[in-house]
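Following: one structure in structure tokens, then a few remarks.
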Amino acid sequence: MKAKMIAAGAVLSAMLALCLYAMWTVQTDAESLRNLEFRAQAAAENGDFAGAEALLNNLQMKVDERRGVLEVLALHEDLNQVSSAAAVAQVQLKYGQNEEFQATMALMLEALMLLDERQRLTWSNLF
């Protein structure tokens, strides 16, 4: 009986560690992506469209680089929404569609916040 209790405790501890790792990983990546999104938006607002496009390219590369891990830990649709918004924003910058660019960046920010929110340890995520 004592061995079963120890085994159950070990399994529970391993599951908790995995959950905390998943939460930390997604939050860290989402924060990094939000930082790139904010910097790209600020660059575009200051008229540095080439800099904004480079930052969006960096964001896209980071998503692609982390896709394998993030698709295991987060919803595939959330990750695709971020990736799609980055691609659309790059095209909008290229063609000078500033108003559409701002709307797309707002949608990307919302997708990044949702990606992070779904992994947080909250009652609504537990039940």
Mind jotting down which residue pairs meet the salt bridge (Lys or Arg N to Asp or Glu O under 4.0 Å) criterion with at least one end in residues 17-34? Sequence neighbours excluded, please. Asp29-Arg66, Arg34-Asp116
For a quick test of your reading: what N or O donor-acceptor pairs under 3.5 Å do the side chains of residues 40-47 make, sequence neighbours left out?
| residue | atom | partner | partner atom | Å |
| --- | --- | --- | --- | --- |
| Gln41 | NE2 | Gln102 | OE1 | 2.7 |
| Asn46 | ND2 | Ala42 | O | 3.2 |

Heavy atoms only: give me the nearest Ala87-Gln60 pair and the separation to one decimal. N-OE1, 4.0 Å
Between Val88 and Leu93, is there a shared hydrophobic cluster once you connect ILVMFWY residues whose side-chain heavy atoms come closer than 4.5 Å? no
Between Phe49 and Leu55, is there a shared hydrophobic cluster once you connect ILVMFWY residues whose side-chain heavy atoms come closer than 4.5 Å? yes
Partner residues of Glu53 under the side-chain hydrogen bond (donor to acceptor under 3.5 Å, both in side chains) criterion, sequence neighbours left out: none
For residues 69-80, dump all side-chain donor-acceptor pairs below 3.5 Å to protein atoms at least two apart in sequence or in another chain.
| residue | atom | partner | partner atom | Å |
| --- | --- | --- | --- | --- |
| Glu71 | OE2 | Arg67 | NH1 | 3.3 |
| Glu71 | OE2 | His76 | ND1 | 2.9 |
| His76 | NE2 | Asn80 | ND2 | 2.8 |
| Asp78 | OD2 | Arg118 | NE | 3.2 |
| Asn80 | OD1 | Arg67 | NH1 | 3.3 |

To the closest 0.5 Å, what do you measure between CG (Leu115) and CD (Gln27)? 10.0 Å
Is Leu114 linked to Leu59 within one hydrophobic cluster, defined over Ile, Leu, Val, Met, Phe, Trp and Tyr using a side-chain heavy-atom separation of less than 4.5 Å? no
Here the gap from Leu107 atom CG to Leu112 atom CG, rounded to the nearest 0.5 Å, amounts to 11.0 Å
Could you give the distance from CG (Asp64) to NZ (Lys62), rounded to the nearest 0.5 Å? 12.0 Å
Not counting sequence neighbours, list each pair that qualifies as a side-chain hydrogen bond (donor to acceptor under 3.5 Å, both in side chains) and has a residue in residues 2-14. none
Could you tabulate the donor-acceptor pairs under 3.5 Å formed by side-chain atoms of residues 14-21, not counting sequence neighbours?
none

Rounded at 0.5 Å granularity, tell me how far CD in Gln90 sits from OG1 in Thr104. 11.5 Å
Are Met108 and Leu56 close enough that some pair of their side-chain heavy atoms sits under 4.5 Å apart? yes
